[in-house]
Amino acid sequence: MNKLGRLIRGLPGHPIHPPLTDVTIGAYTFAFVAAILSKVGVAEHAAAQAWWLALVVALASSVLTVLAGLADWLSISRGTPLFRTATTHMLVMATASVLFLLAAIFGHASYVDADIATGPFVLTIAGYVLLAAGGWLGGAITYVYGMRVLGLADEPALAAVSPVPTPEKERAESG
């Protein structure tokens, strides 16, 4: 893998997409919780503003997350169960992202007024349901299909956490 590929996809045993999803899913989760807290009257105004700001942070982090995921998706053999699962994951997550984007666009007035309108609230809830489903599919990609998992159970601890690629890691990743 060339240097650009390593930058986008990560190193063998240390892919970039999963940790980026933590940032994105965390921010969307915070937005989801803040929206609910605002609607039930807990810190209503502050939670409404926090909801919109969290959506913006999540949408910004989504750009890097999507690019890294797309780079991984492009490396999957077409027609395989892994490819079908990864494609479904990608489509579900893209749909969730569009719903969150629409919530942020149509919800900007809610941010300004510190009161979440019904439309952006519903978009946030629907986006989060899809986000959870997409996350489930993403888990299958790693934990069922083992994508980007090296399976080097006997790798010494220092070598396993080292950012320096080893021949063993390169061989394990290339299959």
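Keep in mind that this is a model prediction, so the values were computed, not measured.
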Inset, instruction - Check whether Leu64 and Val56 end up in the same hydrophobic cluster, where Ile, Leu, Val, Met, Phe, Trp and Tyr are linked by side-chain heavy atoms less than 4.5 Å apart. - result: no
Inset, instruction - Mind jotting down which residue pairs meet the ring pair (Phe, Tyr, Trp, His ring centres under 6.0 Å) criterion with at least one end in residues 129-169? Sequence neighbours excluded, please. - result: none
Inset, instruction - Considering non-hydrogen atoms only, spot the tightest contact between Ala96 and Leu131 and give its length. - result: CB-N, 3.8 Å
Legend entry - Counterpart residues, side chain to side chain donor-acceptor pair (under 3.5 Å), relative to Thr21 (two or more places apart): none
Quiz: residues 69-77 side-chain donor-acceptor pairs under 3.5 angstrom, not counting sequence neighbours:
{"residue": "Asp72", "atom": "OD1", "partner": "Arg9", "partner atom": "NE", "Å": "2.9"}
{"residue": "Asp72", "atom": "OD1", "partner": "Arg9", "partner atom": "NH2", "Å": "3.3"}
{"residue": "Asp72", "atom": "OD1", "partner": "Arg148", "partner atom": "NH1", "Å": "2.9"}
{"residue": "Trp73", "atom": "NE1", "partner": "Thr87", "partner atom": "OG1", "Å": "2.9"}
{"residue": "Ser75", "atom": "OG", "partner": "Arg9", "partner atom": "NH2", "Å": "3.3"}
{"residue": "Ser75", "atom": "OG", "partner": "Asp72", "partner atom": "O", "Å": "2.6"}

Legend entry - Any residue meeting side-chain contact (heavy atoms from CB on, under 4.5 Å) with Leu102, in chain and number order, not counting sequence neighbours: Val98, Phe106, Leu123
Inset, instruction - Could I get the full list of ring-ring contact (aromatic ring centres under 6.0 Å, His included) partners for Tyr128, not counting sequence neighbours? - result: Phe32
Inset, instruction - Please round to the nearest 0.5 Å and tell me the distance separating atom CE of Met147 and atom CZ of Phe83. - result: 11.0 Å
Legend entry - Ser62: side chain to side chain donor-acceptor pair (under 3.5 Å) partners, not counting sequence neighbours: Tyr28
Inset, instruction - Provide the closest heavy-atom pair for Ala114 versus Ala48 in the form atom of the first, atom of the second, distance. - result: C-CB, 3.5 Å
Legend entry - Rounded distance [0.5 Å steps], NE2 in His89 versus CG in Leu82: 11.0 Å
Inset, instruction - Indicate if Val161 and Leu150 have the same hydrophobic cluster label, given that clusters are the connected sets of ILVMFWY residues with side-chain heavy-atom separations under 4.5 angstrom. - result: no
Legend entry - Thr142 OG1 to Leu137 CG distance, which is reported to the nearest 0.5 Å: 11.5 Å
Inset, instruction - Establish, from distance only, whether the side-chain atoms of Trp51 and Thr124 form a donor-acceptor pair under 3.5 Å. - result: yes
Inset, instruction - List in chain and number order the residues that pass side-chain contact (heavy atoms from CB on, under 4.5 Å) with Ala60, two or more places apart in sequence or in another chain; answer none if no residue qualifies. - result: none
Legend entry - Identified side-chain contact (heavy atoms from CB on, under 4.5 Å) partner of Val42 from the options Ile36, Leu37, Val33: Leu37
Inset, instruction - Search all heavy atoms of Ser61 against all heavy atoms of Ala58 and return the closest pair with its distance. - result: OG-O, 3.0 Å
Legend entry - Side-chain heavy atoms of Asp115 within contact of Ser110, under 4.5 Å: no
Legend entry - Hydrophobic cluster of Leu67, others only, ordered by chain and residue number, side-chain cut-off 4.5 Å: Val63
Legend entry - Residues that, via side-chain heavy atoms closer than 4.5 angstrom, fall in one hydrophobic cluster with Val66: none
Inset, instruction - For Ile16, enumerate each residue passing the side-chain contact (heavy atoms from CB on, under 4.5 Å) test, keeping only those at least two apart in sequence or located in another chain. - result: Leu20, Ala68
Inset, instruction - Decide whether Ile116 and Leu53 are clustered together by the hydrophobic rule: side chain heavy atoms of Ile, Leu, Val, Met, Phe, Trp, Tyr closer than 4.5 Å, transitively. - result: yes
Legend entry - OG-CG distance between Ser97 and Leu130, expressed to the nearest 0.5 angstrom: 10.0 Å
Inset, instruction - Would you kindly confirm whether Ile141 and Met93 end up in one hydrophobic cluster when ILVMFWY residues are joined by side chain heavy atoms under 4.5 Å apart? - result: no
Inset, instruction - Could you pull out all residues at least two apart from Leu101 that satisfy side-chain contact (heavy atoms from CB on, under 4.5 Å)? - result: Leu59, Ile105
Inset, instruction - With sequence neighbours left out, write down each residue that passes ring-ring contact (aromatic ring centres under 6.0 Å, His included) with His108, or none if nothing qualifies. - result: Trp52, Tyr111
